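Shown next, in structure tokens, is the structure this report addresses.
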Amino acid sequence: MLLSDFLRETLRMTGTHVGCEHGVCGACTIIADGHSIRSCLMFAVQADGLSLQTVEGLGKVSDLHPLQESFREHHALQCGFCTPGMLMTGVDFLDKHPNATDEEIREGLSGNICRCTGYEHIVAAVRSAAARKRETIR
Amino acid sequence: MKPPAFQYLRPNTVSEALDMLAAAGEDAKILAGGQSLVPMLNFRLLKPSALIDINRIGELDFISESETGLRIGALTRHRVTQTSPLIAKHFPVLTAAMDHVAHLAIRNRGTIGGSLSHADPAAELPLLMTLLDAKIRLASRNGSRELSPAEFFQGSLMTALEEGEILTEVELPYLPANTRWGFEEFAQRSGDFAIVAAAVTATLSGEKCDACRIAVIGGEMPIRVPEAEDALAGIVPTAEHIKTAATIASEAAEWNEDLHASRDFRKQLVQTLVARALTAALSPSRPVH
């Protein structure tokens, strides 16, 4: 069983979305042991012993993760289908590239497809979250 | 879009994996990062009887300097290859190429052994192994052997791996001092497989090029172009020499033709990208490796 199906069907945690189911669209991206991965390209059995984070673990409606807050402020979602994958990719990307330029942000998100084509707003949200994260650390 | 049923086996050592592979027979597949294999399973292009998951075999996950070269274990993830200080020190051309390999989440999971065993003709790692004269090491229950890239890559998605064999590591022989490099790729989007890519090294004495290597993907498998390499050896290359070498390279293979690029377009890309890579390698501003 694919890890993406295990999350959605067995655990009934439907925050993780499934689009293409062959690793191209990025919608099912989650974080495993600190690194973003495609949950449709891993079997559930392989995750035995790993620490997984899905969008459910990122923040709550009453207490959004800073990147989620930034997505809300910058209108970085329209239909919302790609959003969980964008968020989990964004969290891993900002972790690895805290001082990312716009070009690096675009490259970092290039594995996630938004069919509403709302990329400008998504890049703006990640850029702003990066700046906020740097300020907090300072 | 769901994988077919298979037996799942998870060895902890290479020796266990080889025993399982021998017992499972020819239908079994090795599962490494799964970034090419799992899509093929999801599409049911493959129906292996067993998957032998090597992700927990720690002894395959290493990068280490030996006397003769840099050894990279088969389970080394693309992200680790991309960010390794040892690789950046000895083979900056490989570091540069890794920036073109897929996307963040794929690089977090994909492995060098998986990419080489899959042998996609448009993948960067087989190209770089071909450029760098990698020693590709395979193991089976009957022992181990070492192949050159020309021996290992046999065609599109075809390698010399035999039943019961696993790719365990590659060793990249150190480059001579004063070796510079160039890497150029044309792809439709960031992270896509290459339509054409060229990787070169040039070993210089002053402005003279003692030796160079030119490797290209765009055809059935990565190739070196010895005739183009010879055209630059032993001279101080001018723009005209570079153009000649690039033209020779563009005529060295029957380039692929598909929806994304015609054969003629690929041929022109080979000429352009080889010339750009050589120009970068021979530029005095490019730091020595």
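Residue numbers start from 1 in every chain, and the chains themselves are labelled A, B, ... in the order their sequence lines are given, proteins ahead of strands. Note that the structure is predicted; figures quoted are calculated from it, not measured. Heavy-atom basis, side chains included; hydrogens, waters and symmetry copies ignored.
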**Request:** Begin from the C-alpha positions of B/Asp53 and A/Phe43 and carry the test side-chain contact (heavy atoms from CB on, under 4.5 Å) through to its verdict.
**Result:** CA-CA 10 Å; B/Asp53 179 359; A/Phe43 299 110; over 6 Å; no

**Item:** NE2 on B/His103 to OG on A/Ser36, rounded to 0.5 Å
**Value:**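 Interatomic distance, A/Ser36 OG to B/His103 NE2, rounded to 0.5 Å: 11.5 Å.
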
Taking C-beta and beyond as the side chain, do [X] and [Y] meet within less than 4.5 Å on heavy atoms?
{"X": "A/Lys96", "Y": "B/Leu104", "result": "yes"}
{"X": "B/Leu31", "Y": "A/Gln46", "result": "yes"}
{"X": "B/Lys2", "Y": "A/Asp5", "result": "yes"}
{"X": "A/Met42", "Y": "B/Val38", "result": "no"}

**Item:** A/Arg132 CZ: over 12 foreign heavy atoms closer than 6.0 Å
**Value:** yes

**Message:** Please give me the minimum heavy-atom distance between B/Asn42 and A/Cys40, naming the atom from each residue.
**Reply:** ND2-O, 3.3 Å

**Request:** Quick one: closest heavy-atom pair of B/Met1 and A/Cys20, and the distance?
**Result:**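 Shortest heavy-atom separation between B/Met1 and A/Cys20 comes out as CE-O, 3.1 Å.
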
Non-hydrogen atoms of chain B under 4.5 Å away: do they reach the side chain of [X], the backbone, both or neither?
{"X": "A/Asp48", "value": "both"}
{"X": "A/Ile37", "value": "both"}
{"X": "A/Phe93", "value": "both"}

With a 4.5 angstrom heavy-atom cut-off, which part of [X] approaches chain A: side chain, backbone, both or neither?
{"X": "B/Leu37", "answer": "neither"}
{"X": "B/Arg56", "answer": "side chain"}
{"X": "B/Ala102", "answer": "backbone"}
{"X": "B/Asp99", "answer": "backbone"}
{"X": "B/Arg10", "answer": "side chain"}

**Asked** When only pairs under 4.5 Å are counted, which of B/Arg109, B/Arg107, B/Met40 shares the most heavy-atom pairs with chain A?
**Response**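 Sorted descending by pairs with chain A, the first entry is B/Arg109.
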
**Message:** Can you tell me which of A/Asp92, A/Thr29, A/Thr89, A/Val24 forms the most heavy-atom pairs within a distance under 4.5 Å of chain B?
**Reply:**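 It is A/Asp92.
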
**Message:** Determine whether a donor-acceptor pair (N or O, by modelled atom type, separation under 3.5 Å) exists between the side chain of B/Asn108 and the backbone of A/His35.
**Reply:**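 Judged by distance alone, no pair lies under 3.5 Å.
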
